[in-house]
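All of these numbers come straight from a predicted model, not from anything done at the bench. In what follows, chains are A, B, ... by sequence order, proteins preceding strands, each numbered from 1.
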Amino acid sequence: MATQHSRSAARLMIAPAVTLLLGWMLIPLSMTLFFSFKKYLPMRGDSLENGLDWVGFENYARFVTSSSFWPAVQATLIIVGGVLVVTVILGVILALLLDQEMWGQGIVRILVIAPFFVMPTVSALLWKNMFMDPINGFFAHILKAVGLQPIAFLSQHSLGALVTIVSWQWLPFATLILLTATQSLDREQLEAAEMDGARWQSRFIYIMLPHLARAITVVILIQTIFLLGIFAEILVTTQGSFGTKTLTYLIFQRVLESQNVGLGSAGGVYAIILANIVAIFLMRIVGKNLDA
Amino acid sequence: MGQIELKQVSKSFGNVEVIPPLDLIIEDGEFVVFVGPSGCGKSTLLRLIAGLEDVTGGHVLIDGKEATLTVPAKRGLAMVFQSYALYPHMSVRKNIAFPLRMAGLDKADQNERVTQAAEVLNLTDYLDRKPGQLSGGQRQRVAIGRAIVREPAAFLFDEPLSNLDAALRVGMRLEISELHKRLKTTMVYVTHDQVEAMTMADKIVVLQAGVIEQVGSPLELYQRPRNTFVAGFIGSPQMNLIDGPEAEKLGAHTIGIRPEHLEISQTEGAWKGKVGVSEHLGSDTFFHVQSSASPEPITVRATGERAFHYGAEVWLSPRPEHLHRFDSKGLRIE
Ligand SMILES: Nc1ncnc2c1ncn2[C@@H]1O[C@H](COP(=O)(O)OP(=O)(O)OP(=O)(O)O)[C@@H](O)[C@H]1O
Ligand SMILES: [Mg+2]
């Protein structure tokens, strides 16, 4: 936007959107902040009409000193990190494969994207009952067919199972972004590298990966923000048992199962801070990448 | 050494034959230019030599050795692409060193060769920049640098100057010619600009629709074009090609006369005509004359001082020793 005039026009145009978004975010945010400093146990007769007791930072202190806090942080990091690793690696591989000329390309591409359109609850149920169930599941049948003991994935390898389910959902997203990035790579660059004597692996490491770096950071950034909040998958499968209680799930339990709104809100504020730290960190990486 | 021989090489994409079987020998140390209109298969031919495209039929020999199935990296050829194809995330130094790094040279050797190439190409001050921070001409030089450090048997250029502005193009043209004189390495150069072809080549290969129309030195092509296509393609402004009674008088289907081989006079001559547009270039003037000889205007080249006003009546006379005659198939009549 070049002129003063067009700049102020632009501001005017985006004002409604900004106002709406701010309201959308600010009202829940300030309510969460408000509750986090109050004792609010609806089952014990606390209510907004009677006024809530101010408890200072007590909720915050209780949330982090609770024995479930650190395991929840750990579970969150393992799930988010695991899904990121799986989706980025498989996403790059799939993107490179899908970029090749092949028969039935269009259909294969649609199939690859399909999981993204399945609702999280549905996909978690599918995985839980059709694949990972130790009695009727597909994997159990395969294991039995080759003479092995069926495995109760969701209790014995709960985190791994969750990472698998969530990765399956997010792989299409990663693949799609990485595929478009792959397609934007200048063919002549690859040919130049080929003439320069770079073998397949070198072309991948020195030409393709650097070209994909920006797309990979974008995938990581967007996925992290969404993955920090995964919930349905846990509720449907393990309900937070077997070490799969993430921060989000812990907050849910505090508010809805223990009916402690104040404590849950304090947890929510921690989650906001954590998400922002991640976001700032990632924005810097992306910013650096965009400058280059 | 860098002798390249194509034996009955052909190329089809699907059912479309882009290059019918073709023979060509490029001698060691020669500067060969492939020239022809857009889409005639120049790039395809170059890519067949490079090995980036598989031949449909025939053989490619490099230094007499069969190389038809050799992978590009093993042919000992270096290519400079039209888009430069620099690696955007690597510095100029790393770009130039890339082929050496791939060949497994040690760091010291790499550095020495890169420094040398940078000196030759005036890139020393830019070694630590990224390609994105360079001008078009500098990028072009980096691409050439990346080619010369490999010390290839031959260089392949695909329209390397087409992304540069006119002034820079002239400069780079000279630099590439000079590089050739100094390195004495075979160069194969693709362009659709006949001025580049004329000024740089030892040998020009004129292509049309994948067929070689003529091979020869720039002067041979200028003086004795084998057919009307070459006659019209080589030389600027284009040769005037005249059909009809004037040609029949000389026992030809078509006659050709270059603008610089026509006399223009106000008093006498062979063909009477009217001056149309005049283009004054300072050194030369081009007159477009509508004459009795042909329905199309005839271009005449005169010295810069000559001037005729629009619509002036003039006479044109071709210099007989410079008249080209062609038969009904467009082939030259000696
Ligand atoms: N990969 C391909 N698949 C199908 N047809 C192709 C392919 N590459 C080139 N062609 C066709 O081959 C013909 C020659 O193409 P080529 O690129 O060699 O032309 P060129 O002489 O280099 O033209 P220009 O001066 O425009 O670069 C064109 O008709 C083009 O459409
Ligand atoms: Mg071309």
Notebook entry, point to check: Are B/Tyr87 and A/Tyr206 close enough, and set up right, to give a side chain to side chain contact (heavy atoms under 4.5 Å, CB included), and what steps lead you there?
Noted result: CA-CA 9 Å; B/Tyr87 312 128; A/Tyr206 296 111; over 6 Å; no
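- Under a cut-off of 6.0 angstrom, the local environment of CD1 in A/Ile107 is sparse, with at most 12 non-hydrogen atoms contributed by other residues, nucleotides or ligands.
- Listed here is the closest heavy atom pair of B/Ala85 and A/Glu188: CB-O, 3.5 Å.
- Dense packing is recorded around CD of B/Glu27, with more than 12 heavy atoms of other residues, nucleotides or ligands lying under 6.0 Å away.
- For chain A, the option among B/Pro88, B/Gly51, B/Ala143 with the highest count of heavy-atom pairs below 4.5 Å is B/Pro88.
- Contact annotation for B/Leu86: only backbone heavy atoms (N, CA, C, O) come within less than 4.5 Å of a heavy atom of chain A.
- For CZ of A/Phe226, the number of neighbouring non-hydrogen atoms (other residues, nucleotides, ligands) closer than 6.0 Å is 12 at most.
- Around CE of A/Met13, the count of heavy atoms belonging to other residues, nucleotides or ligands within 6.0 Å does not exceed 12.
- To the nearest 0.5 Å, the span separating CD on A/Glu191 from OG on B/Ser83 amounts to 9.0 Å.
- For chain A, the option among B/Arg146, B/Gln133, B/Lys74, B/Lys94 with the highest count of heavy-atom pairs below 4.5 Å is B/Arg146.
- Shown here for A/Ile207 and B/Met90, the closest heavy-atom pair between the two residues is CD1-CE, 4.4 Å.
- Looking at B/Ala103, there are no atoms closer than 4.5 Å to chain A (heavy atoms on both sides), in backbone or side chain.
- Of the inter-residue distances, the one linking B/Met102 atom CE with A/Glu194 atom CD reads 13.5 Å to the nearest 0.5 angstrom.
- With a 4.5 angstrom heavy-atom cutoff, B/Arg75 does not touch chain A via any of its atoms.
- Just one residue in the list B/Arg101, B/Arg150, B/Met79 forms a side-chain contact (heavy atoms from CB on, under 4.5 Å) with A/Asp196, and that residue is B/Arg150.
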